[in-house]
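Throughout, numbering of the chain's residues begins at 1 and tracks the sequence.
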Amino acid sequence: MDMLEMKKALFEGGIVGAGGAGFPTYAKLSDQAETIILNCAECEPLIKVDRQLMIDYVDEVLFGMQMLVDTLGAKEGIIAIKKSYVTSIQAVNSRIANYKSLKLHILPDIYPAGDEVILIYETTKKVVPQGKIPILVGCVVVNVETVLNIYRKITKDENVTTKFITVAGLVKNPITVEVPVGIMVKDLIDLAGGFTTEDYVMIMGGPMTGKICSAPDIVTKTTKAILVLPPTCPPITMRKSTTRNNLRAAMSACSQCSMCTSLCPRNLLGSAIKPHEFMRAIANGITYNVEPFINSFFCVSCGLCEMYSCHQGLSPRRLLDEYKNGLRAKGVKPPDKPNKPTNELREERKVPEHRLINRLGLAKFDLAAPMAKCEMNIKEVKLLLRQCIGAPCSASVKVGDKVSQGQVVGKPPEGALGVILHASLTGTVTAVNDSFITISKQ
Ligand code: SF4
Ligand code: SF4
């Protein structure tokens, strides 16, 4: 198989980054790639998907990685796994000698090790220039589940119709489970035995970057976790504060200690983002210097500044998000700025994940969420037409059509960035509109 054939297969298989961002995977493939890096770092605390896939599907994932290296003509594939994932490391060590181009790299247990710019630096010591993409330094980063999906498509012609998800927190049996794309959050909570309390808030995704969700919300190809958390824990209280309150707090309480900048993972790699300067500028209405505002483009919203670094409980990330989204909406583009040298204190300033978990008040929820094979009686799925970064699909089915699992039900516009959408349930199409397709079991 050559690269163009693989791109076509991944497009037709509906494969997007399963690690959270949802970039169509075919668009990442390039003959400029020298190194393919497997991201087995889990993006955020409490998520237990990738480490378990690396055990249960070690041969499939390593085979998929070797296939990517061969197809792209890369020099090597790096299997990057966090140090604490001992069983996953053992599984890889027991098989990796069978794959000529693959090597293992042990990552430190830091946050955000799963950020691809941080991952590339940790594994290769190359710095992706701020605002640019990994291929500029010859790297392609792929998530474990994404590689499993590539393996399934290329070797078995299986399209993406399922998603692996961790359900954790205030549920009776924390689990990690493979479910059809398009089921409801409520279905996942049932699989985990239900809530242990009536006083909770749910997050779809991780505690740092996930979004508050509710029972009828829908699982997509990028859903990685459902966390059920107490309303009083920092990840929830921070999300509930308004921009107005965040700004007022910045005006009255930012001491300009610059701890947010000192620990910012991107700033430590020489990026121009300096959250303390941004806070000073917005809190004091500074207009003579636009740099702190323009540099907001280089914040990747990891959340470390507000969830960990700031001793005053302020929200640089949320204010930066607000500002850069406003700039983007007005069509402003990020400036072309070279990185400064990597900070020589970077090693000492990495944030250990266990400390972050303690700071977030989540230590009691950091429990095993074992991979479970659950009996599911899913009667209906709702497939969102937007499943990835890029163009949404248009439905290619109509109400009353009979569809089988894996059958094409939606396509992106010709030539647009996007992937094909497939039925995740065998049944009848019962609703179609601009946002979703509903399929009900007969
Ligand atoms: S860490 Fe908090 S108080 Fe210190 S400069 Fe940053 S926002 Fe201000
Ligand atoms: S969220 Fe904060 S710590 Fe993370 S990249 Fe942005 S400024 Fe840096």
Side-chain angles (χ1 to χ4, degrees), residues 43-45 110-112 114-115 117-118 130-131 203 205-212 233-329 332 334-335 337 339-340 343 345-346 349-353 355-362:
C43 340
E44 298 200 35
I110 57 165
Y111 179 81
D115 170 354
V117 169
I118 307 299
Q130 54 187 342
I203 292 182
M208 300 296 280
T209 66
K211 293 193 166 44
I212 289 179
C233 73
I236 303 300
T237 53
M238 296 295 277
R239 280 170 172 80
K240 293 206 159 166
S241 65
T242 61
T243 302
R244 186 181 165 86
N245 285 346
N246 290 340
L247 191 53
R248 281 182 170 168
M251 291 161 105
S252 62
C254 178
S255 65
Q256 283 296 292
C257 67
S258 79
M259 191 58 87
C260 47
T261 296
S262 298
L263 298 183
C264 170
R266 290 299 183 102
N267 179 274
L268 288 168
L269 283 182
S271 165
I273 177 67
K274 289 182 182 162
H276 80 287
E277 286 189 355
F278 175 80
M279 294 295 269
R280 182 165 64 213
I282 55 162
N284 295 290
I286 290 174
T287 53
Y288 58 81
N289 179 11
V290 297
E291 290 296 303
F293 299 108
I294 292 293
N295 289 340
S296 65
F297 275 116
F298 303 126
C299 163
V300 288
S301 306
C302 73
L304 211 51
C305 49
E306 65 185 28
M307 300 276 202
Y308 185 83
S309 314
C310 181
H311 62 107
Q312 299 282 58
L314 304 181
S315 301
R317 182 258 302 262
R318 250 151 255 277
L319 291 165
L320 281 158
D321 278 355
E322 183 97 6
Y323 200 85
K324 76 180 165 211
N325 291 340
L327 288 177
R328 283 195 187 121
V332 181
K337 277 189 181 181
N339 285 52
K340 294 206 164 128
N343 192 309
L345 294 175
R346 179 178 180 273
R349 291 186 181 173
K350 290 176 182 173
V351 171
E353 189 166 285
R355 275 205 219 150
L356 174 64
I357 290 173
N358 280 327
R359 186 75 58 93
L360 296 174
L362 299 179

> Are the side chain of Asn284 and the backbone N or O of Ile286 linked by a donor-acceptor pair below 3.5 Å?
Replying inline: no
> CG/Leu314 to SG/Cys305 distance, rounded to the nearest 0.5 angstrom?
Replying inline: 10.0 Å
> Rounded to the nearest 0.5 Å, how far does CZ of Arg318 lie from CZ of Arg239?
Replying inline: 6.0 Å
>> Is there a side chain to side chain donor-acceptor pair (under 3.5 Å) between Ser241 and Asn246? Walk through the geometry before answering.
In response: CA-CA 7 Å; Ser241 65; Asn246 290 340; 2.8 Å; yes
>> So, applying side chain to side chain contact (heavy atoms under 4.5 Å, CB included) with Leu320, which one of Phe297, Phe278, Phe298 is it?
In response: Phe278
> Has the side chain of Asn339 got a donor or acceptor atom that lies under 3.5 Å from a matching backbone atom of Leu269?
Replying inline: yes
> Where the side chain of Tyr111 meets the backbone of Ile357, is there a donor-acceptor pair that is under 3.5 Å apart?
Replying inline: no
>> Would you say that Ile212 contacts Lys240 through its side chain, given a criterion of any heavy-atom pair below 4.5 Å between the two side chains?
In response: yes
> Do the non-hydrogen side-chain atoms of Leu319 and Tyr323 ever get within less than 4.5 Å of each other?
Replying inline: no
> If you count the non-hydrogen atoms of other residues, nucleotides and ligands that lie under 6.0 Å from CZ in Arg355, is the total more than 12?
Replying inline: no
> Any side-chain donor paired with an acceptor under 3.5 Å for Thr261 and Asn267?
Replying inline: no
>> Distance check, rounded to the nearest 0.5 Å: Leu304 atom CG versus Met208 atom CE?
In response: 5.0 Å
> What's the spacing between Leu356 CG and Ser309 OG if we round to 0.5 Å?
Replying inline: 9.5 Å
> Is a side-chain donor or acceptor of Gln130 paired with a backbone partner of Ala272 at a separation under 3.5 angstrom?
Replying inline: yes
> Given Glu44 and Thr209, is the side chain to side chain donor-acceptor pair (under 3.5 Å) satisfied, shown in steps?
Replying inline: CA-CA 8 Å; Glu44 298 200 35; Thr209 66; 2.2 Å; yes
> Do any N or O atoms from the side chain of Arg349 and from the backbone of Leu263 form a donor-acceptor pair under 3.5 angstrom?
Replying inline: no
> Under the 3.5 angstrom rule, does the side chain of Arg346 hit a backbone N or O of Leu268 as a donor-acceptor pair?
Replying inline: no
> Atom NZ of Lys324 and atom SG of Cys299: how far apart are they, to the nearest 0.5 Å?
Replying inline: 3.5 Å
> What is the distance from atom OG of Ser296 to atom CD of Glu322, rounded to the nearest 0.5 Å?
Replying inline: 11.5 Å
